[in-house]
Amino acid sequence: MIDSHIHLDDQRFDADRSQLLNQAREAGIKGFVVPATAVSGFSKIKQLADAHSDVHPAYGLHPYFVEQHKQQDLQKLAEFLDDNQAVALGECGLDFYRDDLDRNTQQAIFEQQIVLAKDMNLPLIVHVNGAVQAVFEMLKKHRYFKAVMHSFNGSVEQARQITDNGVLLGFGTAVVNPNARKLHQVVKSVDLSCLVIETDAPDQPLYNKRDQRNLPMDLCSVAEFVAETKEISVAELSQKTTHNCRQVFGL
Ligand SMILES: [Zn+2]
């Protein structure tokens with residue numbers, strides 16, 4: 001399996017990162033796509049990728065930090081994407097749940113990153129909290145669909161339209177919650193060729209461990225629940241989602 005979205009650079013992993021990585025590897029997780037969120041974190045991710053051949057870096061400017069991104073950060077971003085075996089531009093995108101983040105600024109920064117990714121022919125890793133439709137409209141505007149919408153939280157109908165255009169959808173620990181019925185319907189409806197799995201660790205704890213960080217290992221629970229929801233074996237799910245990851249990220 002490949003974790004298509006994990007913040008391994010997070011300082012909450014500083015004390016035991018190596019052990020956790022080894023634990024995950026032993027459980028069959030063979031790759032980790034690590035998206036950055038701001039320029040200040042780019043070097044640490046590059047170091048991790050240099051130290052571990054199964055850690056694949058992505059660089060981007062996350063909407064949470066919209067106030068702190070500067071115009072010259074786009075230049076820095078382009079340099080990192082160019083030099084450092086980056087597999088994607090991300091994490092970028094829009095967050096319309098957080099009303100403290102100016103939407104126009106978010107959209108301007110996201111749009112510049114779409115243009116850059118298209119220019120460099122790199123896939124986008126996109127954050128779509130409360131903004132699935134707005135993100136999709138921007139991708140359509142630029143006719144660029146080489147992208148993964150991570151932690152997808154849209155409707156069945158949106159999922160269909162978006163995957164029809166070739167965008168992949170990422171599902172994570174939220175699927176493990178037995179009460180997430182709407183999300184289960186979406187997972188059920190998405191064709192296996194358009195689906196990837198993720199932990200988003202440490203930010204998305206399992207529903208029954210709310211006060212804890214989640215771990216690289218938790219990808220196993222995600223895989224089990226997604227497989228169960230789609231009524232296929234974990235082996236088939238692993239094989240298909242790994243294939244999808246390799247395709248989109250060029251691994
Ligand atoms: Zn993330």
Side-chain angles (χ1 to χ4, degrees), residues 1-14 17 20-21 24 29 31-42 44-46 48-49 55-69 73 77 80-81 86-98 101 106 109-110 113-114 117 122-132 134-135 139 147-154 167-177 183 195-207 209-210 212-219 221-222 226 241 244-245 248-249:
M1 290 183 284
I2 294 174
D3 192 336
S4 64
H5 194 112
I6 176 165
H7 297 282
L8 270 180
D9 57 311
D10 192 289
Q11 57 178 9
R12 283 168 283 175
F13 289 137
D14 282 352
R17 185 175 294 109
L20 293 172
L21 272 172
I29 301 161
F32 308 87
V33 176
V34 182
T37 54
V39 162
S40 55
F42 287 3
K44 189 172 181 182
I45 291 179
K46 176 175 162 43
L48 279 173
V55 170
H56 308 290
Y59 301 101
L61 307 174
H62 194 292
Y64 281 176
F65 306 105
V66 72
E67 303 297 338
Q68 108 190 20
H69 302 317
D73 288 359
L77 173 59
F80 266 80
L81 291 173
V87 298
L89 191 162
E91 183 169 354
C92 56
L94 302 173
D95 194 308
F96 289 173
Y97 284 151
R98 291 264 307 264
L101 306 169
Q106 286 190 54
I109 295 176
F110 179 41
Q113 293 182 91
I114 298 174
L122 280 168
L124 289 158
I125 297 174
V126 196
H127 176 100
V128 296
N129 248 1
V132 166
V135 164
L139 297 178
V148 178
M149 285 195 185
H150 110 88
S151 207
F152 185 75
N153 54 3
V167 174
L168 300 186
L169 304 181
F171 295 96
T173 53
V175 178
V176 178
N177 187 338
L183 185 60
L195 195 150
V196 294
I197 52 174
E198 62 172 65
T199 58
D200 201 19
D203 288 329
Q204 294 202 40
L206 294 165
Y207 74 103
K209 296 180 184 165
R210 277 278 174 243
Q212 297 170 33
R213 59 180 186 168
N214 66 321
L215 304 175
M217 272 283 291
D218 291 335
L219 193 69
S221 309
V222 173
V226 171
T241 54
N244 298 342
C245 267
V248 69
F249 296 125

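Note that ligands are numbered from 1 as they come in the structure, with each ligand's atoms numbered from 1 the same way. Counting from 1, the numbers follow the sequence of the chain as shown.
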Task: Contacts of type side chain to side chain donor-acceptor pair (under 3.5 Å), residue Asn153, not counting sequence neighbours - done: Asn129
Task: Shortest non-hydrogen contact from Thr199 toward Leu219 - done: CG2-N, 3.4 Å
Open item on the list: side-chain contact (heavy atoms from CB on, under 4.5 Å) for Phe249 and Val33? Distances and angles first, verdict last.
Closed with: CA-CA 9 Å; Phe249 296 125; Val33 176; 3.9 Å; yes
Task: Sub-2.8 Å protein N, O or S atoms surrounding the Zn ion (ligand 1) - done: His5 NE2, His7 NE2, Glu91 OE1, Asp200 OD1
Task: Partner set under salt bridge (charged side-chain N to carboxylate O under 4.0 Å, His left out) for Asp10, not counting sequence neighbours - done: Arg12
Task: Contacts of type side chain to side chain donor-acceptor pair (under 3.5 Å), residue Ser221, not counting sequence neighbours - done: none
TODO: Determine whether more than 12 heavy atoms belonging to other residues, nucleotides or ligands lie under 6.0 Å from atom CD of Gln11.
DONE: no
